[in-house]
Novice: 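There's a structure below that I have some questions on.
Quick caveat: nothing in here was measured; it's all calculated off a predicted structure.
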Amino acid sequence: MNNTYAIIGVIILFVTTYFTRMLPLVFCKKPIQNTFLKSLLAYLPYAVLTSMLIPEIFNGPYGLIPGILGFIVAVALSYLNRSLIIVLAVSTVVTYIAMIFNPQIMAMIGV
């Protein structure tokens, strides 16, 4: 890959990222009054995060058990109204620990 191709790619990524972040600032100068739009924007991060993580739980390269354990911890912490950062951090740590001990877990359940 030559440098020109890489530079053009970086410029294209910069422009698309910049405009997606700039457009709301240009068009939404007043506070949002619509309750539907406010609730949609409030739940959007959780919906996007869920749509990215659910396929990885079932198709992850380290087996099904670590993904399911991390998912259970994430759901439990979310149910207890913990912040999104806490939920992500703790479920990532639990999944990582389960990935380390995955052969032992599989041997215990007989798979």
Novice: Do you know which two heavy atoms are closest between Val87 and Leu77, and how far apart they sit?
Specialist: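 That would be CG2-CB, 3.8 Å.
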Novice: To the nearest 0.5 Å, what is the distance between CD1 (Ile65) and OG1 (Thr95)?
Specialist: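 Answer for the CD1-OG1 pair, Ile65 versus Thr95, is 12.0 Å.
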Novice: For residues Leu25 and Val15: do they belong to one hydrophobic cluster (side chain heavy atoms under 4.5 Å, members Ile, Leu, Val, Met, Phe, Trp, Tyr)?
Specialist: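 No.
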Novice: Are Ile7 and Ile12 grouped together when hydrophobic residues (ILVMFWY) are joined by side-chain heavy atoms under 4.5 angstrom apart?
Specialist: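 Cluster IDs for Ile7 and Ile12 differ.
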Novice: What about Phe58 and Phe71, same hydrophobic cluster or not, with Ile/Leu/Val/Met/Phe/Trp/Tyr joined at side-chain heavy-atom distances under 4.5 Å?
Specialist: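 Yes; tracing contacts between hydrophobic side chains, which count when under 4.5 Å, links both residues.
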Novice: Over all heavy atoms of both residues, which pair between Ala98 and Leu69 is shortest? Give the atoms and the distance, please.
Specialist: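 For Ala98 and Leu69, the tightest heavy-atom pair comes out as CB-CD1, 3.7 Å.
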Novice: Does any N or O in the side chain of Thr16 come within less than 3.5 Å of the main-chain N or O of Leu13, such that one atom is a donor and the other an acceptor?
Specialist: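 Yes; judged by distance alone, with no hydrogens or angles, the pair exists.
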Novice: Do Leu44 and Leu84 belong to the same hydrophobic cluster, where Ile, Leu, Val, Met, Phe, Trp and Tyr are linked whenever their side-chain heavy atoms lie under 4.5 Å apart, directly or via other members?
Specialist: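 Yes, same cluster.
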Novice: Roughly how far apart are Met22 CE and Phe27 CZ, rounded to 0.5 Å?
Specialist: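 One gets 7.5 Å once the value is rounded to the nearest 0.5 Å.
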Novice: Between Leu88 and Ser91, what is the shortest heavy-atom contact and its length?
Specialist: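 Taking Leu88 first and Ser91 second, the nearest heavy atoms are O-OG, 3.2 Å.
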Novice: Of the non-hydrogen atoms in Ile32 and Leu41, which two are nearest, and what is the gap between them?
Specialist: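 Reported closest heavy-atom pair: CD1-CD1, 3.5 Å.
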